[in-house]
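Comments concern the structure below.
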Amino acid sequence: MPVSSEMADRYVAGEVMCPYRLVLEHVTSRWGVLVLIELLDRPYRFSELRRAIGRVSEKMLTQTLQTLERDGLVHRDAKPVIPPRVDYSLTDLGREAAEQVRGLALWTESRMGEVEKAREAYDEAKSRG
């Protein structure tokens, strides 16, 4: 598809990301990956999800969940009870994305030995100059 000069001007030097790249960034962000993978197992309440992920601030988890909800990947179910109860789960679209991300995470885990060897070889070669 040809790009008009007007469109080209909007994407000068990558200053404006195209929509699919933004979604990719959300899905593959540090916390986005962990949220999606965790929610594959079951719905979570906010505090449960925060404990399951670990080392994420309340603010960052809130932002991540809102972003993923806006993208249609996470469903927020607020129940009108006292105290308030909010559950987070994956939408069908979110489950699809989470499966892809989990595949990458499993690949990373299974290949970590090779990655560590490559890093050692790289560092050794660099230190020799």
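Computed from a predicted model, the values in this text were never measured in an experiment.
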When you group the ILVMFWY residues by side-chain heavy-atom contacts below 4.5 Å and let the links chain together, are [Y] and [X] in the same group?
X: Leu22; Y: Val35; value: no
X: Leu68; Y: Val86; value: yes
X: Leu40; Y: Val27; value: yes
X: Val101; Y: Leu104; value: no

Taking every non-hydrogen atom, the tightest pair across [X] and [Y]:
X: Trp31; Y: Arg55; result: CH2-O, 3.2 Å
X: Leu90; Y: Ala98; result: CD1-CB, 3.7 Å
X: Leu36; Y: Gly94; result: CD2-O, 4.3 Å
X: Asp77; Y: His75; result: CB-NE2, 3.8 Å
X: Thr91; Y: Val74; result: CG2-C, 3.9 Å
X: Leu39; Y: Tyr88; result: CD2-O, 3.4 Å

Evaluate the criterion side chain to side chain contact (heavy atoms under 4.5 Å, CB included) for residue pair Gln66 and Arg70; output intermediate values, then yes/no.
-> CA-CA 6 Å; Gln66 287 173 344; Arg70 182 171 184 259; over 6 Å; no
Do Arg42 and Glu48 pass the salt bridge (charged side-chain N to carboxylate O under 4.0 Å, His left out) test, and can you show the C-alpha distance, the side-chain angles, and the key distance before you say yes or no?
-> CA-CA 11 Å; Arg42 64 178 178 87; Glu48 292 176 314; 3.7 Å; yes
Distance-only, no hydrogens or angles: does the Arg76 side chain make a donor-acceptor pair with backbone N or O of Asp87 under 3.5 Å?
->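 Not a single qualifying donor-acceptor pair exists.
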Hey, are Arg111 and Glu114 close enough for a salt bridge, meaning a charged N less than 4.0 Å from a carboxylate O?
->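 Looking at Arg111 and Glu114, the cut-off is met.
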Charged N to carboxylate O under 4.0 angstrom, Arg21 versus Glu25?
->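 Looking at Glu25 together with Arg21, the answer is no, because their closest N to O distance does not fall below 4.0 Å.
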Could you give the distance from [atom1] ([X]) to [atom2] ([Y]), rounded to the nearest 0.5 Å?
X: Tyr122; Y: Ser127; atom1: OH; atom2: OG; result: 11.0 Å
X: Leu61; Y: Lys59; atom1: CG; atom2: NZ; result: 13.0 Å
X: Gln63; Y: His26; atom1: CD; atom2: NE2; result: 11.0 Å
X: Arg45; Y: Lys79; atom1: CZ; atom2: NZ; result: 9.0 Å
X: Ile37; Y: Ile53; atom1: CD1; atom2: CD1; result: 10.0 Å
X: Ser89; Y: Asp41; atom1: OG; atom2: CG; result: 13.0 Å

Sequence-distant partners of Arg102, side-chain hydrogen bond (donor to acceptor under 3.5 Å, both in side chains), two or more places apart |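 Partners of Arg102 under the side-chain hydrogen bond (donor to acceptor under 3.5 Å, both in side chains) test: Glu99.
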Could you please spell out the steps behind the side chain to side chain contact (heavy atoms under 4.5 Å, CB included) verdict for Ser57 and Met60?
-> CA-CA 5 Å; Ser57 70; Met60 187 51 63; 3.2 Å; yes
Give the C-alpha distance, both sets of side-chain angles, the deciding distance and a yes or no for side chain to side chain contact (heavy atoms under 4.5 Å, CB included) between Leu49 and Leu65.
-> CA-CA 10 Å; Leu49 186 57; Leu65 287 166; 3.9 Å; yes
